[in-house]
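Position 1 is the first residue of the sequence; numbering continues from there.
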Amino acid sequence: MDALGVKRAVFAGYDWGGTSRCVAAALWPDRCTGLVSVNGYLIQDIAKAMVRPNRSASPAVVPVLFSA
């Protein structure tokens with residue numbers, strides 16, 4: 001990105017490329033405007049994932065379904 005002069009971008013990857021994009025987004029959130037990870041292994045904070053979120057404080061999540 002630096003070599004191309006790109007400051008921020010949407011990170012996208014498939015399979016293990018998706019995993020590396022998740023890691024890159026976690027390491028450089030200021031450079032990542034969005035994340036697309038398809039058929040990969042997601043990286044998550046297990047301790048944080050076990051805490052039940054406060055639904056009134058969380059933004060709404062809208063599922064997106066694609067059909068072939």
Item to check | Phe11: hydrophobic cluster co-members (side-chain, 4.5 Å) | outcome: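 For the cluster that includes Phe11, the remaining residues are Met1, Leu4, Val6, Leu35.
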
Checklist entry - So, Thr33 side chain and Ala9 main chain: donor-acceptor pair closer than 3.5 Å or not? => result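 At least one qualifying donor-acceptor pair exists.
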
Item to check | side-chain hydrogen bond (donor to acceptor under 3.5 Å, both in side chains) partners for Asp2, two or more places apart | outcome: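 Asp2 satisfies side-chain hydrogen bond (donor to acceptor under 3.5 Å, both in side chains) with Arg31 only.
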
Item to check | Pairwise distance OG(Ser20) to CG(Leu27) - rounded to 0.5 angstrom | outcome: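 The CG atom of Leu27 is 11.0 Å from OG of Ser20, to the nearest 0.5 Å.
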
Checklist entry - Between SG of Cys22 and CH2 of Trp16, what distance do you get to the nearest 0.5 Å? => result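 Answer for the SG-CH2 pair, Cys22 versus Trp16, is 11.0 Å.
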
